[in-house]
Structure formats: structure tokens, C-alpha cells
Number of protein chains: 2
Amino acid sequence: MARGSATGSTEGAALRRPIESVTRERLLQAAMDVFAQHGYHGTTVDDIVAASQTSKGAFYHYFPSKQGIFLNLLDRLIEMVEAGVEGAIEHEEGGLAKVEAALRVVLEVASAHQDLARILLIEAAALGPEFEQSRLGIHRRFAALIQRHLDRAVADGSIPAQDSRAAAMAWIGAINEVVTQDMAAGRDLMASLPAIRTLLLRSVGARVADETA
Amino acid sequence: MARGSATGSTEGAALRRPIESVTRERLLQAAMDVFAQHGYHGTTVDDIVAASQTSKGAFYHYFPSKQGIFLNLLDRLIEMVEAGVEGAIEHEEGGLAKVEAALRVVLEVASAHQDLARILLIEAAALGPEFEQSRLGIHRRFAALIQRHLDRAVADGSIPAQDSRAAAMAWIGAINEVVTQDMAAGRDLMASLPAIRTLLLRSVGARVADETA
DNA sequence: GCGACCAGACCGACGCGTCGGTCTGGTCTG
DNA sequence: CAGACCAGACCGACGCGTCGGTCTGGTCGC
């Protein structure tokens with residue numbers, strides 16, 4: 001059944017990273033689906049195996065454990081989002097514009113891939129204290145990204161000097177919450193964009209035109 | 001062993017609600033400790049039983065299931081926090097002042113009872129999709145509280161008209177994140193108060209004096 | 001002696017990870 | 001080029017610990 005054999009295949013994947021193995025890819029994809037649908041604890045390895053049309057053996061051939069494939073998935077998602085954000089940001093001029101672009105991209109990505117967003121935002125938090133560190137790490141990673149650009153905005157005078165670390169944290173939290181609630185309520189994420197845009201920008205002291213009545 | 005017997009005892013509890021049974025109370029307390037420490041999925045009924053110095057029989061006499069005691073715990077915590085907030089709020093004059101008071105109280109409570117905060121903010125999210133509703137419900141409940149006062153602030157002209165629903169959501173998210181991260185980093189929660197205070201108030205268009213350099 | 005209350009042995013399902021085994025495709029040799 | 005040989009991807013039944021929940025047998029107050 002067309003099994004990929006070599007690890008060092010020549011064909012490129014959708015996003016840079018070469019496909020190491022079709023089976024491995026199938027497992028990852030299935031895991032993503034199932035985790036998104038049933039949550040970490042609600043998902044069994046057998047579920048993933050079934051959804052991937054592979055086998056238990058294949059699973060443990062490629063991944064050390066259920067936890068292992070999950071962390072793997074997390075990393076992959078983070079990288080994708082970060083790459084998307086960085087890419088969208090570099091075309092913008094000025095700290096504030098970059099920050100705005102990042103905000104828009106994050107919302108767009110979350111909106112387009114709700115299952116991914118669910119994993120990153122919800123399921124990653126559902127791992128229990130042992131893994132809490134990994135979740136906090138993710139948040140901090142994004143916060144650092146935002147903080148960097150906020151600091152730049154401060155430097156170029158777009159916004160007043162302030163505790164950008166706290167601001168970045170608050171932003172992450174706010175975005176997280178809005179996305180989560182909107183998703184749960186079946187609302188269109190992009191519809192919330194103007195509101196949070198205003199909210200967030202104002203929070204750091206940027207001058208914004210009111211868009212809300 | 002000094003067992004409380006009657007369900008309708010006359011003695012008052014710490015906070016209004018009468019203690020229905022000492023054993024029941026012990027179980028609840030133990031559950032709180034253990035859940036806070038190990039998370040929902042990381043906690044076994046036997047853990048709770050052991051920590052409570054009671055027995056499996058007692059546990060299932062008072063609670064229908066592990067899930068049952070957890071939900072019970074959640075309700076109790078929410079009510080406590082809400083009561084605290086409402087109490088602190090009623091003494092304040094003006095929408096904005098009330099909102100500020102609420103913010104301070106939430107931070108204080110979270111700071112003083114980190115274990116509780118952990119359960120409300122983190123563990124409640126760690127239940128998986130089935131319980132997601134309950135978590136969202138909690139957040140919405142608090143959001144509604146905030147929104148109410150924001151609307152009042154709008155009415156009395158302290159802040160401009162805006163999408164207060166979105167604002168309330170964003171606030172919850174921001175607070176949640178700051179508390180979570182601070183707790184994880186071992187930072188003093190109250191130290192973050194000025195920063196988020198400024199951030200949040202500014203976000204809704206309130207005029208604030210800069211406290212940060 | 002009845003019923004509320006509790007102790008703790010026990011049950012059974014469930015799910016992770018293992019392990020012996022198969023199958024495919026490549027390589028080496030005569 | 002046929003056939004022996006091999007690497008390692010892949011399969012799936014099963015072992016075995018874990019854990020929520022049950023059940024029987026008290027004990028104590030009324």
C-alpha cells in the first residue's frame with residue numbers, strides 16, 4: 001500500500017519539513033483530529049490508531065507514547081502559527097502595524113483551523129499540573145513575541161513606556177479567552193476582531209479611532 | 001470520633017452554609033487539596049479518601065462520583081468568590097470604582113488561596129470537552145458580572161460606549177492569564193495589580209494616570 | 001433493632017504499552 | 001538474474017496495572 005520507505009525522502013512537505021513517512025504523517029493527522037474532538041484524556045491510543053488506519057505497532061514504532069505524540073503535535077502547531085505570524089509581520093512597517101498584523105493573523109489562523117486552535121488553547125491546558133510547564137512555555141513564547149513588538153512600538157513612540165511584559169501577558173490571555181468563547185459559541189472569530197483590536201491597542205495607550213457605536 | 005450525625009445541624013459554617021456533616025466536610029477539604037495538587041485526572045478517589053482520613057464508603061455515601069464531588073467543589077468556590085466580590089463592590093460609589101474594587105478583590109482572593117485559584121482557573125479547564133461547558137459557564141458568569149458594571153460605567157459617562165461583552169471577556173482572559181503566569185512563576189500577585197489595573201482600565205477607554213515609568 | 005453512617009475488601013472495565021511475529025523491498029552472491 | 005539473506009516498517013493480540021465504583025458487614029445513636 002504505497003509505503004514510504006526511506007527516511008530521507010526527497011519530496012517536500014506542505015510546509016518545508018519533509019515527510020519522513022506517510023504512516024507517521026497519517027498518525028499525526030489522526031491524532032490531531034481525535035485530540036481536537038475528544039480531548040487528551042478522552043482520547044485513547046487505539047482511537048488514534050483506528051482513525052489513522054494504521055496499527056498499534058506503527059504507533060509505537062514512531063512515537064514513544066501517547067504523551068509523546070501529543071507534545072510532538074503541539075510543537076508542530078506552534079511552529080506553524082509562529083511562522084505564519086512572523087511572515088505576516090515582516091511586511092508591515094512600524095511597531096504598531098506589526099502588532100496589529102500579528103493579531104489579525106492569529107485570529108485568522110484560529111478561525112480557519114478551529115481544531116488546531118482547540119488543541120493549542122484548550123487541550124494543552126488539560127494535561128494536568130505535570131505538563132503545565134509546557135503550556136506556560138507556549139504562552140510565554142507568544143508573549144515574548146508580542147512583547148518584542150510592543151517594545152519596538154514604545155521605541156518608535158507609537159505608545160507610551162510601560163510594563164510590556166505584563167501587557168503581553170494580558171494580551172495573550174485576552175485573545176485566548178475571546179477565541180475560546182467565540183469558538184464555543186459558534187461565533188465568527190473575525191467578527192470579534194475590531195472589538196479586541198480596539199481593546200488591546202487602547203490598553204497599551206495607543207490612539208485608536210472608535211469603531212464601535 | 002466526633003462524628004456529626006444529623007444532616008440538618010444547627011451549627012453555622014464558616015460562610016453561611018451549615019456544616020451538614022463533618023465527614024462530608026473532610027472529604028470536600030481533602031478533595032480540594034488533592035485536586036489542586038494533582039489535577040482532576042491525576043487525582044484518584046482513593047487519594048481523596050486517604051487524605052480525608054475517611055473511607056471509600058463514606059465518599060460514595062456523600063457523593064455520587066468523583067466528577068460529582070468536583071463539580072460540587074467548583075460551585076462552592078464560585079459562590080465564595082462571587083460573594084466576596086459583590087460584598088466588596090457594594091461599598092464603592094460609581095461604576096468605575098466598583099469595577100476597580102472587584103478587580104482588586106479577585107486578585108487578593110486568588111493570591112491568598114492559590115490552591116483554589118488553581119482549581120478554578122486551571123483544573124476546571126482540564127476536564128475535557130464534556131465539561132468544557134461548565135468551564136465556559138463559569139467564565140461567562142464572571143464576565144456577566146464585569147459587563148454589568150462596565151455598562152454602568154458607560155451609563156454614568158466614566159467610559160465611552162463600546163462592546164462591553166467583548167471587553168468583559170477580554171478582561172477575564174487577561175486576568176486569568178496574569179494570575180496563572182504569576183502563580184507559576186512564584187511572583188507576588190498583588191505586585192501585578194497596578195500594571196493590569198492600568199491596562200484594563202485603559203482598554204475600555206477610561207482615563208488613568210500612568211503609574212509605570 | 002432500625003436506620004443513618006461508615007469501613008475497606010473486592011470487582012470489572014479500560015487503556016497503555018509490549019512483544020512475537022509478518023511482509024516488503026533492497027542487496028549481495030554465484 | 002535467481003535466490004538467499006536481511007533490515008526494518010508494520011501488525012494486533014494480550015498482559016497487567018490502575019481506578020472508579022459496589023457490596024457486605026459492622027457500629028452507634030435514638
Side-chain angles (χ1 to χ4, degrees), chain A residues 1-11 18-31 34-35 37-73 123 126-128 130-131, chain B residues 1-11 18-31 34-35 37-73 123 126-128 130-131:
Chain A
M1 237 217 182
R3 266 176 211 139
S5 55
T7 36
S9 87
T10 49
E11 35 181 348
I19 291 185
E20 302 177 26
S21 149
V22 175
T23 301
R24 187 189 149 93
E25 213 56 30
R26 286 246 290 276
L27 282 165
L28 244 5
Q29 181 62 48
V34 185
F35 277 138
Q37 195 166 2
H38 303 299
Y40 181 79
H41 291 288
T43 296
T44 70
V45 173
D46 285 326
D47 287 341
I48 299 175
V49 166
S52 69
Q53 308 261 49
T54 65
S55 71
K56 204 76 172 286
F59 183 97
Y60 282 99
H61 177 72
Y62 286 110
F63 304 99
S65 62
K66 175 184 171 182
Q67 181 190 132
I69 197 175
F70 186 81
L71 265 345
N72 197 299
L73 213 46
E123 295 313 325
L127 291 177
E130 320 87 81
F131 302 74
Chain B
M1 241 214 187
R3 261 171 216 147
S5 53
T7 36
S9 87
T10 49
E11 36 181 347
I19 290 186
E20 301 176 26
S21 147
V22 175
T23 301
R24 186 189 150 91
E25 213 56 29
R26 286 247 289 277
L27 282 164
L28 243 6
Q29 181 63 47
V34 185
F35 278 138
Q37 195 166 4
H38 298 113
Y40 182 79
H41 291 289
T43 295
T44 70
V45 174
D46 284 328
D47 287 341
I48 299 176
V49 166
S52 69
Q53 307 263 47
T54 65
S55 71
K56 210 80 172 280
F59 182 96
Y60 283 98
H61 176 71
Y62 287 110
F63 303 98
S65 62
K66 175 186 172 183
Q67 181 189 133
I69 198 176
F70 186 81
L71 266 345
N72 197 298
L73 214 47
E123 294 313 325
L127 292 177
E130 320 86 80
F131 302 73

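Note on naming: letters A, B, ... go to the chains in the order of the sequence lines (proteins, then strands), and numbering restarts at 1 for each one. Note that the structure is predicted; figures quoted are calculated from it, not measured.
Per the geometry, NZ belonging to K66(A) stands 15 Å off P belonging to dC14(C), to the nearest Å. Atom CD of Q67(A) and atom C1' of dC16(C) are 12 Å apart (whole Å). Rounded to whole angstrom, the span from the CZ atom of F63(B) across to the P atom of dC5(C) amounts to 13 Å. Rounded to a whole Å, the NE2 atom of H41(A) is 11 Å from the P atom of dC16(C). Atoms CD (E25(B)) and P (dC5(C)) sit 15 Å apart, rounded to a whole Å. Here dG15(C) presents its C1' atom at 15 Å from NE2 of H38(A), a figure rounded to the nearest Å.
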Dump every N/O contact between nucleotides 24-27 of chain D and the protein below 3.5 Å, one line per pair.
none

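Phosphate contact (OP1/OP2 of dC5(C), side-chain N/O of T23(B), threshold under 4.0 Å): absent. For dC10(D), the OP1/OP2 oxygens have no side-chain nitrogen or oxygen of H61(A) closer than 4.0 Å.
Of the N and O atoms on the side chains of Y62(A) and S21(A), at least one donor lies less than 3.5 Å from an acceptor on the other residue.
If you check dC19(D), dC6(C), dC10(D) against the side chain of Y62(A), the one that comes closest is dC10(D).
Counting heavy atoms from C-beta outward, F35(A) and I69(A) have side chains that approach closer than 4.5 Å. Using a 4.5 Å cut-off on side-chain heavy atoms (C-beta onward), R24(A) and F63(A) make contact. The shortest side-chain heavy-atom distance between Y40(A) and K66(A) falls under the 4.5 Å cut-off.
Interatomic distance, CG of L27(B) versus CG of N72(B), reported as 11.0 Å (0.5 Å rounding).
Within residues 45-60 of chain A, the residues approached by DNA chain D to less than 4.0 Å at the level of any non-hydrogen atom are T54(A), S55(A), K56(A), G57(A), A58(A), in residue-number order.
Each salt bridge (Lys or Arg N to Asp or Glu O under 4.0 Å) pair with one or both residues in residues 48-62 of chain B, not counting sequence neighbours, appears once here: D46(B)-K56(B).
Every residue was checked against the side chain to side chain donor-acceptor pair (under 3.5 Å) condition with Q53(B), not counting sequence neighbours, and none meets it. Qualifying side chain to side chain donor-acceptor pair (under 3.5 Å) partners for T44(A), counting only residues two or more places apart in sequence or in other chains: D47(A). Legend: residues meeting side chain to side chain donor-acceptor pair (under 3.5 Å) with T54(B), ordered by chain and number and at least two apart, are S52(B).
Base pairing of dG8(C): its partner is dC23(D), meeting the Watson-Crick or G-U wobble criterion (both donor-acceptor distances under 3.5 Å).
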